[in-house]
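Scroll down for the structure; my scribbles are underneath it.
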2 protein chains.
Amino acid sequence: MFKRILIAEDQETQNISLQTTLADLSIKKPEYVYYCDDALTWIKNSIRAEQPYDLLVTDLSFVEDHNKQRIAGGVELIQAAKKVQPSLKILVFSVENKSAVIDMLFKELHIDGYVRKARHDAQYLKLALTAIYNDKKYLSPDLKLARKENNSHDFTELDIAIISQLVDGTPQKNIPYYLQENNIKPSGLSSIEKRLNLMKEVLGFSKNEQLIAYCKDMGII
Amino acid sequence: MFKRILIAEDQETQNISLQTTLADLSIKKPEYVYYCDDALTWIKNSIRAEQPYDLLVTDLSFVEDHNKQRIAGGVELIQAAKKVQPSLKILVFSVENKSAVIDMLFKELHIDGYVRKARHDAQYLKLALTAIYNDKKYLSPDLKLARKENNSHDFTELDIAIISQLVDGTPQKNIPYYLQENNIKPSGLSSIEKRLNLMKEVLGFSKNEQLIAYCKDMGII
DNA sequence: AACCAATCTACGGTTTCCCGTAAGGATCCA
DNA sequence: TGGATCCTTACGGGAAACCGTAGATTGGTT
């Protein structure tokens with residue numbers, strides 16, 4: 001089983017229970033930090049000491065406080081960690097259940113496992129640890145359901161730019177200027193209209209307000 | 001200190017750490033359940049056995065699973081619990097930090113304390129327990145900040161009806177019909193426009209899309 | 001180089017929304 | 001009762017968004 005594990009989790013109570021859960025798997029003394037910046041520092045130090053970690057267990061959302069951080073959240077932490085130690089295995093442990101986010105984690109950041117903070121998370125954590133130790137990917141079962149039911153449109157960079165501008169209060173007719181300045185390709189007003197129509201049609205909406213609400217719910221913006 | 005505590009929390013790991021935290025306060029054996037329905041049953045049984053609980057510690061959001069529940073979430077559980085045992089003290093322990101929600105909990109449901117799941121939640125839990133035991137209210141400090149920065153408009157029933165209709169895709173010009181059918185008083189189209197303008201002006205917005213996004217963020221809808 | 005296909009853009013008519021003004025109703029007080 | 005104030009509603013001009021069509025541009029192929 002893993003010998004050196006680092007836990008990045010800001011909730012004190014979660015941190016406590018992660019340790020007891022790992023103790024059940026006879027993992028000796030996992031190390032833990034409450035801030036993302038500390039996590040990266042410890043990873044770097046472990047490399048320097050030639051005792052690199054085997055596994056990083058991290059949350060996604062970290063609450064801000066007086067202690068200003070360079071690395072704000074789990075996603076950025078994973079990117080930074082992979083850069084300094086590509087071999088590091090990563091298990092994400094979070095309440096997040098938006099399929100868009102989780103797909104991105106596996107496909108782009110190449111994480112090794114995802115356990116949702118939910119009913120039987122302690123059990124699933126143990127399963128995840130053994131799976132990952134055997135070079136397998138793991139996804140907690142409560143999420144598999146949530147991902148299937150999703151027949152949604154997949155949002156392009158353009159889509160997200162348009163929606164973000166709307167949420168920022170830019171009038172639709174001014175969005176072309178913004179897109180040109182940021183070198184986002186189709187920038188004509190008609191293209192924006194067409195794109196909005198497509199999104200609304202696929203999702204069965206008739207008004208922008210519905211689309212905004214949907215994107216908020218799905219964590220797209 | 002409290003003698004009989006009931007914990008309602010669906011996350012296995014949180015449940016574990018709550019128990020260890022309470023153990024630090026030399027609270028003997030807190031009882032715990034993973035479902036809201038079970039919580040209410042246990043409360044009723046404890047009354048029947050003439051050994052009522054002193055305190056209920058509960059989360060707000062419970063994940064749905066195959067085990068269908070009559071009581072869906074923490075808010076409903078608190079209402080039901082207060083009905084069968086008005087004297088029961090209640091401490092909410094949740095990640096939620098929307099001021100609208102928390103204000104409602106204190107003002108309408110008369111909870112005794114609120115601790116946000118965040119950096120030092122274990123410490124704050126202990127502070128909350130002693131405060132509540134001494135008949136004081138408790139609010140974890142990370143929340144006091146979040147509530148102050150809020151110079152927001154307070155949304156009336158009308159406001160929420162209008163916004164909900166927009167999110168449902170009703171064209172603005174058709175909303176008067178909906179309001180009349182539901183006996184919501186000012187129902188003229190001009191009143192709706194005026195109300196939307198007021199909300200947007202107070203919050204510094206120019207477009208409906210911004211307002212929708214804001215309401216989603218604040219948990220108003 | 002020329003052609004085709006696909007996409008992007010520009011344009012005009014229609015609908016909806018926005019916003020200011022004014023008329024209609026209700027409430028309160030002298 | 002009369003009048004003053006506030007709130008609601010109705011109306012109309014102008015702006016923005018919606019929608020279909022036609023022209024322009026791009027990228028790839030022969």
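Lettering follows sequence order; numbering is per chain, from 1.
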Q) C/dC11 P sits how many Å from A/L189 CG, rounded? A) 12 Å

Q) Can you name the side chain to side chain contact (heavy atoms under 4.5 Å, CB included) partners of A/K44, sequence neighbours left out? A) A/L40, A/R48, A/V84

Q. With B/Y133, which residues qualify under side chain to side chain contact (heavy atoms under 4.5 Å, CB included), at least two apart?
A. B/M1, B/F2

**Q.** Nearest-Å distance for atom pair NZ/C1', residues B/K185 and D/dT9
**A.** 14 Å

Q) Roughly, in whole Å, what's the span from CG in B/L179 to P in D/dC7? A) 19 Å

Between the protein and nucleotides 15-22 of chain D, are there any N/O to N/O pairs under 3.5 Å, and if so, what are the atom names and distances?
from	atom 1	to	atom 2	distance (Å)
D/dA17	OP1	A/Q172	N	2.8
D/dA17	OP1	B/K207	NZ	3.4
D/dA17	OP2	A/K173	N	3.1
D/dC18	OP2	A/Q172	OE1	3.1
D/dC18	OP2	A/Q172	NE2	2.7
D/dC19	OP2	A/N197	OD1	3.2
D/dC19	N4	A/E193	OE1	3.3

**Q.** Counterpart residues, side chain to side chain donor-acceptor pair (under 3.5 Å), relative to A/D10 (two or more places apart)
**A.** none

Q: Return no unless some side-chain N or O of B/S191 is found under 4.0 Å from OP1 or OP2 of D/dC7.
A: no

(Q) If the condition is side chain to side chain contact (heavy atoms under 4.5 Å, CB included), which residues does B/A122 pass it with, not counting sequence neighbours? (A) A/E12, A/T13, A/I16, B/T21

Q: Return the value, rounded to whole Å, for the distance between atom CD of A/E209 and atom C1' of C/dC18.
A: 13 Å

Q) How long is the line joining NZ of B/K194 and P of C/dT21, in whole Å? A) 15 Å

Q | D/dT9 phosphate, OP1 or OP2, under 4.0 Å from B/S187 side-chain N/O | A | yes

Q: Write down the distance between CZ (B/R195) and C1' (D/dT9), rounded to a whole number of angstrom.
A: 16 Å

Q: Sort and list the pairs that fulfil ring pair (Phe, Tyr, Trp, His ring centres under 6.0 Å) and have at least one residue in residues 171-190 of chain A, not counting sequence neighbours.
A: none

**Q.** Whole angstrom value for the distance that separates C1' of C/dC19 from CD of B/E201
**A.** 13 Å

Q: State the CG-NZ distance between A/L125 and A/K117, to the nearest 0.5 angstrom.
A: 10.0 Å

